[in-house]
Amino acid sequence: MAPDLPCDGDGVCMVCRAPPPEAEVVNCHTCTTPWHAGCLSKPPETLAAVADWQCPDCSPLEDGGAALPAAAAYAFGERSDLITAIWAIEADASLTEREKAKRRQALVSGKKVVEEEEDEEEEEEGGKKKKKKAEGGDDVLDLLDEKFNCSFCMLLPERPVTTPCGHNFCLKCFQKWVGQGKYTCAKCRFSIPPKMVSQPRINSALVVAIRMAKAAKSATYGGQTNVYHFIRNESRPEKAFTTERAKKAGKANACSGQIFVTIAPDHFGPILAENDPKRNLGVLVGEMWEDRMECRQWGAHFPHVAGIAGQSDYGAQSVALSGGYKDDEDHGDWFLYTGSGGRDLSGNKRTNKEQAFDQKFEKLNAALRVSCQKGYPVRVVRSHKEKRSSYAPESGVRYDGIYRIEKCWQKVGVQGYKVCRYLFVRCDNEPAPWTSDEHGDQPRPLPSVKELNSATDITERKESPAWDFDVKHGWRWVKSPPTSRKPVTNSDTDRKKGGRKAVRHAHKLSVRERLLKEFSCLLCRKVMTQPLTTPCGHNFCKSCLLEAFADKSFVRERICEGGRTLRAQKIVKRCPSCSTDISDFLWNPQVNRDLMDLIESLEDKTEEEKVEQQIEDDTSEEGCSSANDTEEAAEEATDVQDKLSKEESDNLENGKLDAAEGDSEVNVLDSKVKEAGEKDAAEDTIDVTNSELSCKQKNHLTCRRGIKRTRNSESQ
């Protein structure tokens, strides 16, 4: 007999494989699942029974057992445990309907399972949770969750944006809000600057704080790389330098400094710790450099001018986003990149930004297409020159991790000529610098790109990618990485090859102390007091920021030569950390109250921890000192006892001595015992040891006096 099975999502009975008539469909009173009455082994007998009818998976068994019918196990598989739990909740008469609904919701969402696992861990591991509480991880996350929730989605912002009035929002929620034409804060109706409306900046300090509170764990990379040594590398200085032949100052004609990493110029994928003999850390996501020359020294992107590093028949290793083409679109986790070429750079036109002819899939553009077809990982760095992106750094160059090219095509660009376009999607084990998520990237569906409808020469990957996601190890090489074409040289010294075998680890700080270190003013480098968050996303102490512009007024009065007064001119006041004008913000700077309350709470709890730790240290020191004194006293008492035992054994060996000699020995021993007793009595700190010693001394004296009386009787 076929098991009882319900109808599927399309209304087709899973037993007879046909859609049942509407009159023969019955719905379960508990789970509202539709069933075909004609295929049920026990259909409802009357119309009145249909209203309260329960399906075989929700109805209790006749024998009162807790097991589910075979149909439930067949239809739902691993979900049978979930149905059993829901059935138990429904059968509990002590719960109200509201409580039952809450428990069902918690059970389906997985919260109940998580709580049970946490309880089991607490029972098994004992004090592990207390230790975690002491470090402050839970408390800090609760504080952040309380202070910095987005006003729209009521969640901890993944990509936080802080308005000048000190309120925090998710980047997507903020963009949706201002996209509706609302240019005031959603909380306090404070006016939002026009530049922040058009180009909101992510608060990097808050990103680090949220991620740190979530206790991010570093992920491991797959694959192995060879050690590469650059020729005449040690003869170069540590920074980029200008030779004596250079006619201009600055970095225009500068030469590269030392290359600190031991990777080949055509190295694919992340730069691991084994290729970093200087720090033994590798190149980390979020690491920043002053310029492209310094970025070259750490191997993230070797070309200091070109935006693509690669070879046409081998693949591309890295790209740089620096705002070179108007067609670029940056969405953080994915972006649309425009290839190189198409500009007339003949003669002295080295900075021409106007396109003069079509781009083709050749040279560096062909290298990117090879990486797309093979699925190679591509390192991505973002420059501060990209002014149209909310994900670009305010200054310098930043390494943003590993991306993979999913598609490439050609289309007619903004300037009327064909351009090569590439879809980059992030696939790194480390979280991005702009997100507070503690985990790296997960495989995600490709975004929909509208321009693909009118694109030509579309290239998609047909084989499995060389860099792919593994459930156990994360993103890693699933195929062997391409072999380097650059020869490995041995010109450096053994010290350079060997590198450092160990790295000194700093004192382990608690979560609160590390957070306070992140909430430091960019001017005084101390923990902020009365913090201000500028429209460009930087944080300063109020006193430090106002003092930096104390000698500048907001307007400058102008008078012409004839004495006529002209209109006052506004004085530009740039942010100390970037080139953004913050003069309007300085008219009425608003303290970030949420951030100030968080800093004060962290400082108070840190002080409490320090006081408790100091008390514990003092107690342990006193215990150690008293233990040391007791050990010294016990050693002295043991020495005295050993001395007495030795003398006793010597005297017993000479048992045939005469009475006079025995009396003298007894007298000498008695005097020594008496002196030892007086010495032990003077020691106040070893009372227990002295009492034991005095008992042994009395027994010894009694024994010696008995020997003396026996000898006297024998002589008589």
Side-chain angles (χ1 to χ4, degrees), residues 139-171 173-174 177-178 183-193 195-197 199-213 390 394 434 436 512 514-549 573-578 580-606:
D139 296 342
V140 172
L141 191 58
D142 292 341
L143 287 173
L144 290 172
D145 198 15
E146 179 182 354
K147 300 291 184 182
F148 295 101
N149 278 348
C150 175
S151 300
F152 297 105
C153 62
M154 302 306 296
L155 298 175
L156 206 58
E158 181 184 354
R159 302 174 186 182
V161 174
T162 304
T163 58
C165 52
H167 296 124
N168 304 281
F169 307 94
C170 300
L171 177 62
C173 297
F174 180 81
W177 174 260
V178 298
Y183 302 145
T184 57
C185 176
K187 273 191 172 182
C188 62
R189 305 304 176 185
F190 191 84
S191 178
I192 301 175
K195 187 172 183 180
M196 187 175 184
V197 172
Q199 188 181 356
R201 288 292 178 179
I202 296 174
N203 193 336
S204 57
L206 194 55
V207 167
V208 175
I210 297 175
R211 186 189 302 171
M212 194 178 299
S390 298
E394 287 290 340
W434 54 81
S436 60
R512 296 191 186 93
R514 283 182 288 166
L515 279 177
L516 287 175
K517 190 176 180 181
E518 293 295 333
F519 290 138
S520 58
C521 174
L522 297 177
L523 291 174
C524 65
R525 304 298 178 182
K526 298 180 181 179
V527 179
M528 289 181 290
T529 57
Q530 292 186 326
L532 297 178
T533 303
T534 60
C536 50
H538 295 115
N539 302 295
F540 306 92
C541 300
K542 183 177 181 179
S543 57
C544 295
L545 188 60
L546 296 180
E547 185 179 354
F549 300 98
K573 298 183 179 182
R574 302 191 182 278
C575 173
S577 295
C578 64
T580 304
D581 182 18
I582 58 173
S583 55
D584 295 336
F585 171 75
L586 293 176
W587 271 102
N588 184 21
Q590 300 292 322
V591 177
N592 193 334
R593 299 290 178 182
D594 295 339
L595 186 57
M596 185 174 66
D597 294 342
L598 176 62
I599 292 175
E600 291 177 354
S601 301
L602 292 175
E603 288 177 338
D604 293 341
K605 293 188 177 181
T606 303

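The figures here come from the full heavy-atom set of this structure, side chains too, leaving out hydrogens, waters and symmetry mates.
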Quiz item: Crowded around Glu547 CD? As in, over 12 foreign heavy atoms under 6.0 Å?
Solution: no
Quiz prompt | Rounded distance [0.5 Å steps], CG in Leu532 versus CZ in Phe585 | solution = 5.0 Å
Exercise. Would you please test Asn149 and Leu156 for side-chain contact (heavy atoms from CB on, under 4.5 Å) and show each step?
Key: CA-CA 5 Å; Asn149 278 348; Leu156 206 58; 3.8 Å; yes
Quiz item: Do Phe549 and Ser583 pass the side-chain contact (heavy atoms from CB on, under 4.5 Å) test, and can you show the C-alpha distance, the side-chain angles, and the key distance before you say yes or no?
Solution: CA-CA 10 Å; Phe549 300 98; Ser583 55; over 6 Å; no
Quiz item: Heavy atoms, side chains only, cut-off 4.5 Å: are Cys578 and His538 in contact?
Solution: yes
Quiz item: Can you tell if the side chain of Phe519 reaches within under 4.5 Å of the side chain of Asn539, non-hydrogen atoms only?
Solution: no
Self-check item: Distance (rounded to the nearest 0.5 Å) between Leu595 CG and Asn203 CG
Solution: 8.0 Å
Practice problem: Would you mind reporting whether Arg525 and Ser520 have side-chain heavy atoms less than 4.5 Å apart? | Solution: no
Quiz item: Got more than 12 heavy atoms from elsewhere within 6.0 Å of NZ, Lys187?
Solution: yes
Quiz prompt | Closest non-hydrogen atom pair between Cys165 and Cys188, with its separation | solution = SG-SG, 3.5 Å
Self-check item: From Arg159 atom CZ to Cys173 atom SG, the distance as rounded to the nearest 0.5 Å
Solution: 12.0 Å
Quiz item: Between Ile192 and Phe174, which heavy-atom pair has the shortest distance, and what is it?
Solution: CD1-CE1, 3.7 Å
Quiz item: Taking all atoms of both residues into account, what is the closest heavy-atom pair of Pro157 and Ser436, and its distance?
Solution: O-OG, 2.9 Å
Quiz item: If you round to the nearest 0.5 Å, how far is CG of Leu523 from CE of Met528?
Solution: 11.0 Å
Quiz prompt | Side chains of Ile582 and Leu545 in contact at under 4.5 Å (non-hydrogen atoms) | solution = yes
Exercise. Supply the atom-to-atom distance Cys541 SG to Met596 CE, rounded to the nearest 0.5 angstrom.
Key: 12.0 Å
Exercise. Considering non-hydrogen atoms only, spot the tightest contact between Glu603 and Val527 and give its length.
Key: OE2-CG1, 3.5 Å
Quiz item: Hey, mind stepping through Arg201 and Thr534 against side-chain contact (heavy atoms from CB on, under 4.5 Å) and telling me if it holds?
Solution: CA-CA 10 Å; Arg201 288 292 178 179; Thr534 60; over 6 Å; no
Quiz item: Nearest 0.5 Å, what's the SG-CD distance between Cys185 and Gln590?
Solution: 10.5 Å
Quiz item: Is any side-chain heavy atom of Lys195 less than 4.5 Å from a side-chain heavy atom of Asp581?
Solution: no
Exercise. State whether the side chain of Ser390 and the backbone N or O of Pro200 hold a donor-acceptor pair below 3.5 Å, judged by distance alone.
Key: yes
Quiz item: Ring centroid separation for Phe169 and Trp177, is it under 6.0 angstrom?
Solution: no
